[in-house]
There are 2 protein chains.
Amino acid sequence: MTPIHSFKSAAAEKRSHQSYFKIGLSVDCVIFGYADKELQVLVIKSDLKEFAGQWSLLGDLVRPEEDIDEASYRVLEERTGLKNVFLEQAQAFGECDRHPSGRVVTIAYYSLIDINNHKLQFNENELSWKPVRTLKKMAFDHRKILDTCLQRLREQIFEKPLLFNLLPGKFALRDLQELYESVLGEPLDRRNFRKKIAVKEWLRDTGELERSVVHRPGRLYSRNQPGKRQ
Amino acid sequence: MTPIHSFKSAAAEKRSHQSYFKIGLSVDCVIFGYADKELQVLVIKSDLKEFAGQWSLLGDLVRPEEDIDEASYRVLEERTGLKNVFLEQAQAFGECDRHPSGRVVTIAYYSLIDINNHKLQFNENELSWKPVRTLKKMAFDHRKILDTCLQRLREQIFEKPLLFNLLPGKFALRDLQELYESVLGEPLDRRNFRKKIAVKEWLRDTGELERSVVHRPGRLYSRNQPGKRQ
DNA sequence: CTGAAAATATGTACTTGATACACATTAGGA
DNA sequence: TCCTAATGTGTATCAAGTACATATTTTCAG
């Protein structure tokens, strides 16, 4: 047993524990979006021959000089151009055989962005949005990572106003409810949903109404920014 | 940008990404116990000169050939001799400067054990139980890790029967309540506590009573093993 | 112009879980 | 035998979640 906390110096560490530094460390980002009334996730084609044709999450090795949180923000920004968005660590995945090319432990983060309000950086691989529902098999253990993050998201959406990040600036309550239903994977009662959201003061009534709907138009709301009193 | 998922082989990986393998990976275990009516945590004296005299959590580097979960079980077993106990991953901590001897990312786990029902392996350093309440400053970012795990524990104790791991085989309801109060850091109403626990069916009435108490003795309970019907 | 269709908007009863709180009971010790 | 210090239990209240029905508003078809 070689307790890490008894290292005497970085130099001694490198000599005596060489083999311990053979483990690669990465971050993987589960980036959720919403389109076609379905929860989507941003994925790229894996170009590992073991996973030919399969989709994988956006990830990268952590650089020696960056915090792991920084690494996740970097991956998100490189791929979507977005900064300063909600990004939360979910869990580390560290089974020996999870990466066919070597030992790589990954730390999973998840994030939510408005698909129509950003530009993807399509500079390599095939980057695309896929419905979470239809992604049966993914490269590596990425389906498991996705499920873990989705589970975490489900636990959070009534605690924090996360899902507003997936919607355009103005939306009807029905849009919001459909989004919640997509994420939770189950229908919600319209009246109870409205009440539940109402008490949280997450919404601001824009005074506008829906247009071009074939029925009575609903009110349009926007996210109530913290600190702003309506 | 060098996406990890496009590695062609382990050999190529080693050549082209040498610098990415300079990050050390460890696990740290927050091992809770209960004694003197206080929540305790298992710590050792740090022998890093930067943290002379300070306490640190039990941790070790992850070995190249073991899963991270395995690593945490190994650390726990090496220090306490215990196997097959509850051990849950809490969070990864990966700030660049968290370890003075180099870049080490750590994954925190927490566990709960009965202090009086195991033998500590005192083969090195000063290994001891310390009240969580009195540990103001710890080595590394270990106080932060401890707080994170404690927070996670608080969220779990009414969901899962975790705290029974800290108690002897037989205990009175008052003992259990005092333990909950220690963990939560706040007093609980005796009658409401009893009701809340009762509906969960975590307890089995042993039929015995407390002894040597200077008042009316309470019933002694043991943990109701799953599957066992009383 | 009118009525049908399809959605919005809202309120009420019920159930469940959490909280606040009071009184009778039992063993040990003086 | 009484006092002490707990145990053991029940009830009223409040908050949150759930189930459910009716009136209203717009567009579209005729």
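Every value quoted in this text rests on a predicted model; they were computed, and no experiment measured them. These numbers come from the heavy atoms of this one structure, side chains and all, not from hydrogens, waters or symmetry mates. Every chain is numbered from 1, with letters handed out A, B, ... down the list of sequences.
- At most 12 non-hydrogen atoms from other residues, nucleotides or ligands lie less than 6.0 angstrom from NZ of B:K37.
- No donor-acceptor pair closer than 3.5 Å links the side chain of B:Q89 to the backbone N or O of A:Q91.
- The minimum heavy-atom distance linking A:Y109 with A:C149 is given by the pair O-SG, 4.1 Å.
- Electrostatic pairing of A:R174 and A:E178 counts as a salt bridge here, judged by a charged N lying under 4.0 Å from a carboxylate O.
- Along DNA chain C, the nucleotide closest to A:K195 and the one closest to A:P217 are compared, and the more 5′ of them pairs with A:P217.
- For the salt bridge (Lys or Arg N to Asp or Glu O under 4.0 Å) condition, the pairs that include at least one residue of residues 83-97 of chain A, sequence neighbours left out, are A:E77-A:K83, A:E88-A:K160, A:E95-A:K144.
- Aromatic ring orientation, A:F140 versus A:F51: tilted (interplanar angle from 30° to 60°).
- A side chain to side chain contact (heavy atoms under 4.5 Å, CB included) with B:F93 is found for one member of B:T148, B:I107, B:V105 and no other, namely B:T148.
- Think of the region where chain B sits on DNA chain C: with heavy atoms and a 4.0 Å cut, that region ends 5' and 3' at C:dA18 to C:dG29.
- When each of B:G218 and B:V214 is assigned the nucleotide of DNA chain D with its nearest heavy atom, B:V214 is the one assigned upstream, toward the 5' end.
- Among the atoms of the strands shown, only primed sugar atoms or phosphate atoms (P, OP1, OP2) are found under 4.0 Å from some heavy atom of B:R219.
- Among residue pairs with one or both ends in residues 207-226 of chain B, none qualify as ring pair (Phe, Tyr, Trp, His ring centres under 6.0 Å); sequence neighbours excluded.
- Contacts of residues 173-192 of chain A with DNA chain D (heavy atom under 4.0 Å): A:D189, A:R191, A:N192.
- Atom CZ of B:R98 is separated from atom CG of B:D141 by 4.0 Å, given to the nearest 0.5 angstrom.
- In summary, contact between chain B and DNA chain D, defined as any nucleotide atom under 4.0 Å from a heavy atom of the protein, begins and ends at D:dA5 to D:dT11 in the 5' to 3' direction.
- Within the 4.5 Å cutoff, the side chain of A:D175 has no heavy atoms near those of the A:L179 side chain.
- Looking only at distances, a side-chain donor or acceptor of B:R152 sits under 3.5 Å from a matching main-chain atom of B:A90.
- Between B:P131 and B:Q40, the shortest heavy-atom distance links the atoms N-OE1, 3.2 Å.
- Using a 4.0 Å cut-off on heavy atoms, the residues of residues 206-213 of chain B that approach DNA chain C are B:V213, listed by number.
- Between A:Y180 and the choices A:F171, A:F158, A:Y34, the ring-ring contact (aromatic ring centres under 6.0 Å, His included) rule is met once, by A:F158.
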